[in-house]
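The next block holds one structure in the form of structure tokens; read it before the comments.
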Amino acid sequence: MKKQTFKLDIEFDSDPFEDLAFLFFHSTDPNYAFADDLNHLYGLALTRVDDMPLLDAAWPVYTYRNTLRQLNYYLIERPVASGNTALHWGHLHKLLLLQGQDAEETARAIYRDFTTLPNADPQTQNSERNDIITNFQQSFASVTLYDTQLPDGAQPQRKTLRERTELENLFTAIIDHFDLQLLDD
């Protein structure tokens, strides 16, 4: 009898955060006002949808789909009742999750807006836009662009690695929620 051998070729999933970008807004402004400001700043139409049930709490969510750019926006506020996991994302702070091919590029542009002073040249400035950004900067609404990749050769401490894992597990739960929502529509 001839012996048969089979080769099992397994392809591992690529980066689970591919085509995703994460911006943390460290602001306790009311979520409806924050969403309205983002709408004015970037020509979005973030609208409130049903709260996301996660960690025994209801997480306020706003969504917008830019069909032309094939880019999804999810603004999520962390409620006080959500416990103490993933402490980098504090209670009442916001996460802007961008999903699509240009997500990282768009997130970097938004990040630059919040980390550089508005243009002072009266001929090139959009006063409403500059007023909103200046107001965020004056109220100390800082922004963090989260990088899901560790730098090459980085050896994070055990505590840092645990915190990253908690945060990325939270990201995964959020992504899973929206994937389920998309299937139901």
Side-chain angles (χ1 to χ4, degrees), residues 13-114 128-129 131-133 135-136 139 141-148 164-185:
D13 290 336
S14 61
D15 179 8
F17 302 120
E18 186 177 358
D19 293 334
L20 294 171
F22 305 91
L23 280 167
F24 288 106
F25 292 93
H26 307 280
S27 168
T28 56
D29 290 347
N31 55 37
Y32 60 88
F34 194 86
D36 188 55
D37 284 342
L38 290 180
N39 285 342
H40 284 92
L41 281 172
Y42 301 107
L44 306 176
L46 288 164
T47 56
R48 181 76 186 256
V49 296
D50 291 338
D51 288 352
M52 175 179 55
L54 186 63
L55 298 177
D56 298 323
W59 297 54
V61 176
Y62 292 77
T63 64
Y64 171 66
R65 172 149 175 81
N66 183 324
T67 53
L68 183 63
R69 294 186 61 206
Q70 296 295 301
L71 199 56
N72 295 322
Y73 296 79
Y74 303 94
L75 179 65
I76 305 155
E77 181 180 74
R78 182 161 189 170
V80 174
S82 64
N84 290 324
T85 61
L87 294 176
H88 177 74
W89 184 5
H91 297 127
L92 302 179
H93 292 175
K94 285 79 171 154
L95 169 69
L96 183 62
L97 168 62
L98 292 93
Q99 176 189 34
Q101 194 169 23
D102 293 332
E104 190 172 334
E105 178 184 315
T106 302
R108 287 188 192 286
I110 294 170
Y111 177 78
R112 279 191 303 274
D113 284 346
F114 280 82
E128 180 187 17
R129 182 176 187 2
D131 289 346
I132 293 170
I133 290 175
N135 184 38
F136 276 130
S139 66
S142 64
V143 64
T144 304
L145 179 61
Y146 184 79
D147 188 358
T148 59
R164 283 185 68 88
T165 302
E166 285 180 351
L167 190 57
E168 290 180 5
N169 286 342
L170 195 52
F171 289 164
T172 301
I174 291 168
I175 292 164
D176 288 347
H177 172 79
F178 289 119
D179 284 344
L180 292 173
Q181 291 289 82
L182 293 174
L183 293 175
D184 292 340
D185 290 341

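These values consider heavy atoms only, across backbone and side chains, with no hydrogens, waters or symmetry-generated copies. Heads up: numbering here begins at 1 and tracks the sequence.
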Sorted by chain and residue number, the salt bridge (charged side-chain N to carboxylate O under 4.0 Å, His left out) partners of Arg108 (sequence neighbours excluded) come out as Glu104
Treating Glu168 as the side-chain partner and Thr165 as the backbone partner, does any N or O pair qualify as donor plus acceptor under 3.5 Å?
no
Are the side chain of His177 and the backbone N or O of Thr172 linked by a donor-acceptor pair below 3.5 Å?
no
The reported gap from CG in Asp36 to CG in Asn31 (rounded to nearest 0.5 angstrom) is 11.5 Å
Salt bridge (charged side-chain N to carboxylate O under 4.0 Å, His left out) partners of residues 64-77, not counting sequence neighbours, each pair once
Glu77-Lys94
Who pairs with Trp89 by ring-ring contact (aromatic ring centres under 6.0 Å, His included), at least two apart in sequence or on another chain?
Phe24, Trp59
Are the side chains of Phe178 and Ile76 in contact, using a 4.5 Å heavy-atom criterion?
yes
Below 4.5 Å, heavy atoms only, C-beta onward: do Leu97 and Leu20 meet side chain to side chain?
yes
Are Ile110 and Leu23 close enough that some pair of their side-chain heavy atoms sits under 4.5 Å apart?
yes
Scan for salt bridge (charged side-chain N to carboxylate O under 4.0 Å, His left out) pairs involving residues 53-63, sequence neighbours excluded, and state none if there are none.
none
Working to the nearest 0.5 Å, report the span between CG of Leu46 and CG of Asp37.
11.0 Å
Does atom CD (Gln101) have a neighbourhood of more than 12 heavy atoms from anything else shown, all under 6.0 Å?
no
Leu55 vs Arg78, test: side chain to side chain contact (heavy atoms under 4.5 Å, CB included). Steps then yes/no.
CA-CA 10 Å; Leu55 298 177; Arg78 182 161 189 170; 4.3 Å; yes
What residues, two or more places apart in sequence or in another chain, satisfy side chain to side chain contact (heavy atoms under 4.5 Å, CB included) together with Tyr32?
Pro30, Tyr62
Compare every heavy atom of Asn39 with every heavy atom of Ala45, then report the nearest pair and how far apart it is.
N-OD1, 3.5 Å
For residues Leu41 and Phe114, determine if any side-chain heavy atom of one lies less than 4.5 Å from a side-chain heavy atom of the other.
yes
Please list, chain by chain and in numerical order, all residues satisfying ring-ring contact (aromatic ring centres under 6.0 Å, His included) with Tyr73, sequence neighbours excluded.
Tyr64
Suppose we screen for side chain to side chain donor-acceptor pair (under 3.5 Å). Which residues come up paired with Glu105, at least two apart in sequence or across chains?
none
Ignoring hydrogens, what is the shortest heavy-atom contact between Ile174 and Leu95? Give both atom names and the distance.
CD1-CD2, 4.3 Å
Write down the atom of His91, the atom of Ser82, and the distance for their closest heavy-atom approach.
CD2-OG, 3.5 Å
Tell me, please, which residues at least two apart from Ala103 pass side chain to side chain contact (heavy atoms under 4.5 Å, CB included).
Ala21, Leu71, Leu98
So, using salt bridge (charged side-chain N to carboxylate O under 4.0 Å, His left out) as the criterion, who are the partners of Arg48 when residues are at least two apart?
Asp51
Could you check if a side-chain atom of Val80 sits within less than 4.5 angstrom of a side-chain atom of Leu92, using non-hydrogen atoms only?
yes
